[in-house]
Q: 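Got a structure here, written out as structure tokens. Questions coming.
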Protein chains: 2
Amino acid sequence: MRSAPEDDLTTKARIRDAAIRLYARDGFTKTSLRAIATEAGVSPGLLIHHFGSAAGLREACDKQVLGVTTERASTKMHPHGLKDLMSEFTRNPDGYTLEMDYLRQALLEGTATSAALFQHLVELSETVIRAGIEDGTVRPFEDVRGVAVLTAFSSVGSLAFGPYAAEALGLDGGWQGVLQRIGGPGLELYTHGFYTTDAFLTAYREATTPDPDESQEA
Amino acid sequence: MRSAPEDDLTTKARIRDAAIRLYARDGFTKTSLRAIATEAGVSPGLLIHHFGSAAGLREACDKQVLGVTTERASTKMHPHGLKDLMSEFTRNPDGYTLEMDYLRQALLEGTATSAALFQHLVELSETVIRAGIEDGTVRPFEDVRGVAVLTAFSSVGSLAFGPYAAEALGLDGGWQGVLQRIGGPGLELYTHGFYTTDAFLTAYREATTPDPDESQEA
DNA sequence: CCTTTCATTGAACACGTGTTTAGCATCTTA
DNA sequence: TAAGATGCTAAACACGTGTTCAATGAAAGG
């Protein structure tokens with residue numbers, strides 16, 4: 001009783017897939033309707049006949065990519081943390097690259113979609129962190145949301161700037177190789193920390209909690 | 001015996017500054033020559049008369065912004081770590097916003113400039129980390145460059161996606177407020193780590209060091 | 001079979017872009 | 001003062017963009 005999936009072999013779906021491919025590869029602003037039409041082997045007018053406008057096509061692509069990724073994410077997310085998703089990813093890295101590159105471009109685009117994407121990731125991080133605190137594997141941070149934003153910065157940063165990091169690390173292939181290289185240091189950082197002492201933290205706390213009677217403190 | 005600085009009041013400099021302002025605010029692709037001309041109170045043809053082409057104007061802007069920021073960064077970087085730069089920044093946050101927003105756009109742009117910028121930041125992070133390891137304040141990581149990439153992800157992420165995080169945190173004003181909010185959790189994370197146990201790290205290490213004679217290990 | 005609908009195309013249009021060109025005014029310099 | 005360079009403008013050009021429109025082909029339905 002599927003409604004649309006069997007519709008996925010039509011020219012309309014072919015156009016959509018071609019658009020997703022080019023959007024993911026070259027970005028949204030640098031991809032013209034004519035380029036998509038050529039990629040799909042079709043005339044430019046047909047695109048807007050099927051999707052109404054360029055914005056309509058973009059919307060359909062967003063819906064498609066967001067649909068499959070959030071579906072995958074939610075099914076892989078509920079049981080435990082990111083572990084399943086990470087192992088799933090490392091098992092078949094190529095299965096996600098198209099959607100990931102698309103999300104990367106959407107993130108770099110600088111529109112309301114980018115903001116929504118980022119904030120969605122923050123919410124997700126916060127949920128995971130709270131669960132980790134609950135079962136005792138994650139430190140009970142005061143500002144959980146702040147930590148969630150921080151981890152979101154790392155995740156999103158690795159996705160958005162992974163290709164550049166690949167060059168810096170002498171790897172080839174975009175963010176996929178970077179993720180594997182980064183896993184070790186990341187876990188090391190996340191279990192043992194970065195500094196050897198808590199001098200910086202205590203100094204920061206003393207500096208940022210300026211109790212009004214600071215002279216009487218000693 | 002200054003060569004150019006006194007030239008900084010001419011219309012050519014006014015055009016350049018107007019361009020930097022618009023580039024920083026709206027991004028490069030969304031800023032047209034005509035918009036810059038209007039902002040500078042000048043005719044479109046004058047821009048290319050002074051700078052040869054749109055690319056020439058862009059280049060001049062890059063040179064200007066990169067010049068002042070790297071000058072500031074190097075003078076503030078040499079003595080100690082980021083501490084001076086951070087305190088300097090928190091003291092007068094508005095003094096850097098224009099250049100930072102410009103760099104943000106350059107980072108999000110997705111050209112060779114973005115990659116160069118990121119890689120420069122990785123080098124800088126690595127230098128700082130190595131210095132920290134030397135004086136004993138930073139943990140002696142195996143993969144220093146990997147950690148440098150990781151910290152670069154965080155820095156660049158906070159710059160690039162700070163505005164979105166501001167919305168997620170209920171702050172207003174872009175990445176400036178986010179940095180202040182993030183400082184505490186960041187330091188907490190960097191001194192005590194994220195996890196409470198090293199279970200994840202050891203599990204990862206066991207999984208990723210598959211010595212060929214694993215059965216004889218015990 | 002005829003008709004009606006729909007997918008598809010090629011050419012055109014309006015618009016915004018970077019760039020060119022000719023002209024004008026203004027300032028410098030001999 | 002006359003001449004020449006320079007700062008600057010207005011109008012136009014070539015080009016790429018998204019979009020429209022009339023025409024054509026094929027498939028579906030009565």
Side-chain angles (χ1 to χ4, degrees), chain A residues 3-64 105-106 108-113, chain B residues 3-64 105-106 108-113:
Chain A
S3 55
E6 68 200 47
D7 197 44
D8 257 15
L9 303 142
T10 66
T11 22
K12 183 171 179 178
R14 268 181 35 229
I15 294 172
R16 170 171 52 75
D17 290 351
I20 291 176
R21 225 174 304 136
L22 290 195
Y23 283 152
R25 178 157 60 88
D26 304 329
F28 297 101
T29 62
K30 293 173 188 166
T31 300
S32 69
L33 283 191
R34 284 175 170 83
I36 298 173
T38 304
E39 170 86 4
V42 110
S43 92
L46 193 60
L47 305 209
I48 105 139
H49 171 245
H50 276 304
F51 297 95
S53 66
L57 173 57
R58 167 68 195 278
E59 210 171 322
C61 293
D62 277 12
K63 205 171 176 179
Q64 168 75 11
Q105 298 289 358
L108 293 171
E109 189 195 10
T111 65
T113 308
Chain B
S3 55
E6 67 199 47
D7 198 43
D8 257 13
L9 302 141
T10 66
T11 26
K12 183 172 180 179
R14 269 181 34 230
I15 293 174
R16 170 173 48 76
D17 290 351
I20 291 176
R21 225 174 304 137
L22 290 195
Y23 282 152
R25 178 157 61 88
D26 304 329
F28 297 100
T29 62
K30 294 173 188 167
T31 300
S32 69
L33 283 189
R34 284 174 170 83
I36 298 173
T38 304
E39 170 87 4
V42 111
S43 92
L46 193 60
L47 306 208
I48 105 138
H49 171 244
H50 275 305
F51 297 94
S53 67
L57 173 57
R58 168 68 196 278
E59 209 172 321
C61 292
D62 277 12
K63 205 171 176 179
Q64 168 75 11
Q105 298 289 357
L108 293 171
E109 189 194 9
T111 65
T113 308

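Note on naming: letters A, B, ... go to the chains in the order of the sequence lines (proteins, then strands), and numbering restarts at 1 for each one. Computed from a predicted model, the values in this text were never measured in an experiment.
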Q: Going by salt bridge (Lys or Arg N to Asp or Glu O under 4.0 Å), name the pairs with one or both residues in residues 28-47 of chain B, residues two or more places apart or in two chains.
A: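 As it turns out, the salt bridge (Lys or Arg N to Asp or Glu O under 4.0 Å) pairs with a partner in residues 28-47 of chain B, which skip direct neighbours, are B:Arg21-B:Glu39.
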Q: Taking CZ from B:Phe51 and P from D:dG7, how many angstroms apart are they, rounded to a whole number?
A: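 Roughly 12 Å, once rounded to whole Å.
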Q: Return yes if some donor-acceptor pair links the side-chain N/O of A:Ser53 with the main-chain N/O of A:Gly56 below 3.5 Å, else return no.
A: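 Confirmed, A:Ser53 side chain pairs with A:Gly56 backbone.
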Q: Could you pull out the closest heavy-atom pair between B:Leu33 and B:Leu47, with the gap in Å?
A: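 So the minimum-distance heavy-atom pair works out to O-CD1, 3.5 Å.
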Q: Once salt bridge (Lys or Arg N to Asp or Glu O under 4.0 Å) is applied, do any residues pair with A:Arg58, and if so which ones, sequence neighbours excluded?
A: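 Residues passing salt bridge (Lys or Arg N to Asp or Glu O under 4.0 Å) with A:Arg58: A:Asp62, A:Glu109.
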Q: Indicate for each nucleotide in nucleotides 4-22 of chain C, in 5' to 3' sequence, whether protein heavy atoms under 4.0 Å reach the base (B), only the sugar-phosphate (S), or nothing (-).
A: ---BBB--B----BBBB--
Q: To check you understand the geometry: which heavy-atom pair defines the closest contact between A:Ile20 and A:Gln64, and what is its length?
A: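 Where A:Ile20 meets A:Gln64 most closely, the heavy atoms are CD1-CG, 3.7 Å.
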